[in-house]
**Q** 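Okay, here's the structure, questions in a sec.
This structure is a prediction, so every number in the text was calculated from the model and none was measured. In this chain, residues are counted from 1 in sequence order.
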Amino acid sequence: MSGDGQGRSHWFDDEAGPVVRPYAMTRGRTTTAGQHRLDLIAVVVTEPHAGDPEADQTLSPEHVDIVELCRNTPQSVAELAAELDLPIGVVRVLVGDLTAAELVHVTRPVPPAELPDESILRDVINGLRAL
């Protein structure tokens, strides 16, 4: 007991909110199948057929939040972690669960090195115009 007379422990401040360990959200898991694709810039998109995720009793509130956040605007794994104030590892596991449940899918942005060079595209356009 603390000496404040209120019988409360002050091992965390009042602004911390509810304290839930990350492993509790992932049920102790640190990886999921296909997690190798879930780096920080992987983009999560809600599947069109994903109805109301709150109706699925197997989903945690964090799962539901991810589906809802990605419904209107695809979000990167990094953006989801920041928006939900969760560690990246937790978000990866949760997104992996949602991918396995076919509620979301993950896409990868095209790396700039794989995009066609602008000068090549101009040459192709000029060549087509010359025909």
**Q** Quick one, Arg108 and Asp39 - any side-chain contact, counting heavy atoms below 4.5 Å?
**A** yes

**Q** Tell me, yes or no, whether the heavy-atom count around Glu83 atom CD, taken from other residues, nucleotides or ligands under 6.0 Å, exceeds 12.
**A** no

**Q** Drop me the distance from Glu62's CD to Leu69's CG, to the nearest 0.5 angstrom.
**A** 11.5 Å

**Q** With side chains defined as the heavy atoms from C-beta onward, is the minimum distance between Leu94 and Leu86 less than 4.5 Å?
**A** yes

**Q** Please tabulate, for the side chains in residues 40-51, all donor-acceptor contacts under 3.5 angstrom to protein atoms that are two or more places apart in sequence or on a different chain.
**A**
residue	atom	partner	partner atom	Å
Thr46	OG1	Val67	O	2.8
Thr46	OG1	Cys70	O	3.4
Thr46	OG1	Arg71	N	3.2
Glu47	OE2	His105	ND1	3.2
His49	NE2	Glu102	O	2.9

**Q** Calculate, to the nearest 0.5 Å, the distance between atoms OG and CG belonging to Ser119 and Asn126 respectively.
**A** 11.0 Å

**Q** Considering only Ile, Leu, Val, Met, Phe, Trp and Tyr, and joining two whenever side-chain heavy atoms are under 4.5 Å apart, list the other residues clustered with Leu121.
**A** none

**Q** What are the two closest heavy atoms between His63 and Asp97, and how far apart are they?
**A** NE2-OD2, 3.0 Å

**Q** Does Leu131 belong to the same Ile/Leu/Val/Met/Phe/Trp/Tyr cluster as Val124, with side-chain heavy atoms less than 4.5 Å apart forming each link?
**A** yes

